[in-house]
Number of protein chains: 2
Amino acid sequence: MLLKQMNIEDTIKASNKLPDSRRLILNILVTANHINDRIGEALKDFDLSIPQFNVLRILRGQKGKPANLSTIQERMVSRMSNTTRLVDKLIAKNLVERVTCEANRRKVEISITKKGLEFLQEVDPVIDKIESEITSRLNAEENELINEKLNELRA
Amino acid sequence: MLLKQMNIEDTIKASNKLPDSRRLILNILVTANHINDRIGEALKDFDLSIPQFNVLRILRGQKGKPANLSTIQERMVSRMSNTTRLVDKLIAKNLVERVTCEANRRKVEISITKKGLEFLQEVDPVIDKIESEITSRLNAEENELINEKLNELRA
DNA sequence: ATACAAATGTTGTTGAAACAAATGAATATA
DNA sequence: TATATTCATTTGTTTCAACAACATTTGTAT
């Protein structure tokens with residue numbers, strides 16, 4: 001199978017060659033956008049936004065242990081200003097629940113419900129498929145190499 | 001100068017090691033987010049949103065030739081649903097202007113104003129600095145390598 | 001103890017994005 | 001030529017995010 005591949009200049013139809021730094025930056029942004037579009041599209045079938053999906057995965061990662069709002073915020077891919085209302089949405093769907101923490105009554109304990117876990121099990125394979133479809137275009141070493149280089153960029 | 005560097009598991013504080021595909025996907029998304037945060041922050045000093053900034057750069061890239069709305073949409077880093085109102089904002093600031101195309105009156109011709117060009121000249125060095133600050137953490141070959149690999153991911 | 005500061009979430013408001021429908025202009029069809 | 005179809009953009013509506021102000025609980029210092 002032959003896949004046509006485009007550099008970013010073509011992709012965003014830049015009129016002239018970009019400076020190297022901007023070229024890489026744009027490439028990362030465009031690629032991230034591409035990924036988000038694909039995942040967001042798939043999640044629409046489940047009436048789930050990307051941030052909502054991320055919160056669910058974070059809560060599952062807690063393995064039963066509830067999480068505070070601030071914990072969720074820290075772990076979000078993109079930091080949200082109003083995580084409260086995001087959680088509200090998930091509560092309305094009975095996918096998560098919230099109780100105020102007894103030890104420190106300012107805090108709040110958020111956890112994923114049984115229904116939430118079951119729901120995730122339906123969503124997961126769809127997203128996994130997209131993710132591995134994308135990353136399978138590179139082999140494991142290339143994959144790992146990019147991981148390292150991106151880590152350096154964020155350093 | 002020693003920079004502390006974090007892998008994505010640490011960055012998003014994942015409780016367990018992620019599968020390779022998700023690992024790379026998340027890394028790209030987190031990195032893009034990091035870049036957007038930094039650029040968005042800098043643009044705030046100029047009362048400019050990232051999409052607005054992109055439109056201005058697209059129009060400058062036209063070198064005097066005006067662009068249609070649809071042309072702008074194609075070239076945007078992230079596709080927007082309502083570019084009309086985005087352009088309205090820039091018109092309100094006298095940075096761009098819009099006239100309906102004589103040849104095809106459905107179309108509209110959008111171009112950057114003199115003031116817009118001058119404004120971009122102020123903004124550019126600030127953004128360039130951020131962009132090269134980030135990309136300079138890798139050398140030219142690494143930089144180019146990632147570009148290629150990202151192109152393959154989007155293929 | 002009391003007062004003051006910091007931590008943690010929530011709520012109100014405003015502006016932007018997503019989505020769908022509508023407008024107006026050009027083109028194709030009958 | 002009249003009518004339908006498509007194109008390019010705009011507009012209306014609903015949802016969501018950013019930001020700031022607020023409330024409540026906890027911690028600290030006098």
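Letters A, B, ... are given to chains in the order of the sequence lines, protein chains preceding strands, and every chain is numbered from 1. Only a predicted model underlies this, so the values are computations on that prediction, with no experimental measurement involved.
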Under 4.5 Å between side-chain heavy atoms, counting indirect links through other Ile/Leu/Val/Met/Phe/Trp/Tyr residues: same cluster for Val30(A) and Met76(B) or not?
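They do share one cluster, since a chain of ILVMFWY contacts under 4.5 Å joins Val30(A) to Met76(B).
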Are Leu43(B) and Leu117(B) linked, directly or through other ILVMFWY residues, by side chains that come within less than 4.5 angstrom of each other?
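Yes, because Leu43(B) and Leu117(B) connect within a single hydrophobic cluster, where side-chain heavy atoms sit under 4.5 Å apart.
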Might you confirm whether atom NZ of Lys13(A) has over 12 heavy atoms from other residues, nucleotides or ligands at distances under 6.0 Å?
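Yes, the 6.0 Å shell around NZ holds more than 12 heavy atoms from other groups.
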Please state how far atom CE in Met80(A) lies from atom C1' in dC19(D), giving the value in whole angstrom units.
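The answer, rounded to whole Å, is 13 Å.
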Expressed as a whole number of angstroms, how long is the span from Glu74(B):CD to dA8(D):C1'?
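In whole Å, dA8(D) C1' and Glu74(B) CD are 13 Å from each other.
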Looking at [X] and [Y], would you say the former's side chain and the latter's main chain have a donor-acceptor pair under 3.5 Å?
| X | Y | value |
| --- | --- | --- |
| Arg98(B) | Glu109(B) | no |
| Asn68(A) | Ser70(A) | no |
| Thr113(B) | Gly116(B) | yes |

With sequence neighbours left out, what residues match [X] under salt bridge (charged side-chain N to carboxylate O under 4.0 Å, His left out)?
| X | result |
| --- | --- |
| Glu133(B) | Arg38(B) |
| Glu118(A) | Lys114(A) |
| Arg85(A) | none |
| Lys149(B) | Glu142(A), Glu152(B) |

Got Ile110(B) and Ile72(B) here, is their nearest side-chain heavy-atom distance under 4.5 Å?
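With C-beta onward as the side chain, the pair touches.
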Tell me, do Asn7(A) and Asp10(A) make a side-chain contact under 4.5 Å, heavy atoms counted?
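A side-chain contact under 4.5 Å exists here.
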By the salt bridge (Lys or Arg N to Asp or Glu O under 4.0 Å) test, which pairs, at least two apart or in different chains, include something from residues 69-81 of chain A?
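Output for this query is empty, none listed.
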5' to 3' on DNA chain C, which nucleotides open and close the contacts with chain A (atom under 4.0 Å from a heavy atom)?
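The contact span of chain A on DNA chain C goes from dA6(C) to dC19(C).
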All pairs passing side chain to side chain donor-acceptor pair (under 3.5 Å) where residues 18-29 of chain A contributes a residue, at least two apart:
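Passing the test, one end in residues 18-29 of chain A: Glu9(A)-Arg23(A), Arg22(A)-Asp128(B), Arg22(A)-Glu131(B), Asn27(A)-Thr31(A), Asn27(A)-Asn147(B), Asn27(A)-Asn151(B), Asn27(A)-Arg154(B).
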Can you list, in residue-number order, the parts of residues 29-55 of chain B that come under 4.0 Å of DNA chain C, counting heavy atoms only?
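Listed by number, they are Pro51(B).
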All N/O contacts under 3.5 Å from nucleotides 11-15 of chain D to the protein, with atom names and distances to one decimal?
{"unit_1": "dG12(D)", "atom_1": "N7", "unit_2": "Arg85(B)", "atom_2": "NH1", "d": "3.3"}
{"unit_1": "dG12(D)", "atom_1": "O6", "unit_2": "Arg85(B)", "atom_2": "NH2", "d": "2.3"}

By a strict heavy-atom criterion of less than 4.0 Å, which residues belonging to residues 59-70 of chain B are in contact with DNA chain D?
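Output list: Asn68(B), Leu69(B), Ser70(B).
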Enumerate the protein-to-nucleotides 25-28 of chain D contacts in which both atoms are nitrogen or oxygen and the separation is below 3.5 Å.
{"unit_1": "dT25(D)", "atom_1": "O2", "unit_2": "Arg106(A)", "atom_2": "NE", "d": "3.4"}
{"unit_1": "dT25(D)", "atom_1": "O2", "unit_2": "Arg106(A)", "atom_2": "NH1", "d": "3.3"}
{"unit_1": "dT26(D)", "atom_1": "OP1", "unit_2": "Arg105(A)", "atom_2": "N", "d": "3.0"}

Throw together a table of side-chain donor-acceptor distances under 3.5 angstrom for residues 44-52 of chain A, partners on residues two or more places apart or in other chains.
{"unit_1": "Ser49(A)", "atom_1": "OG", "unit_2": "Gln52(A)", "atom_2": "N", "d": "3.2"}
{"unit_1": "Gln52(A)", "atom_1": "OE1", "unit_2": "Lys93(A)", "atom_2": "NZ", "d": "2.9"}

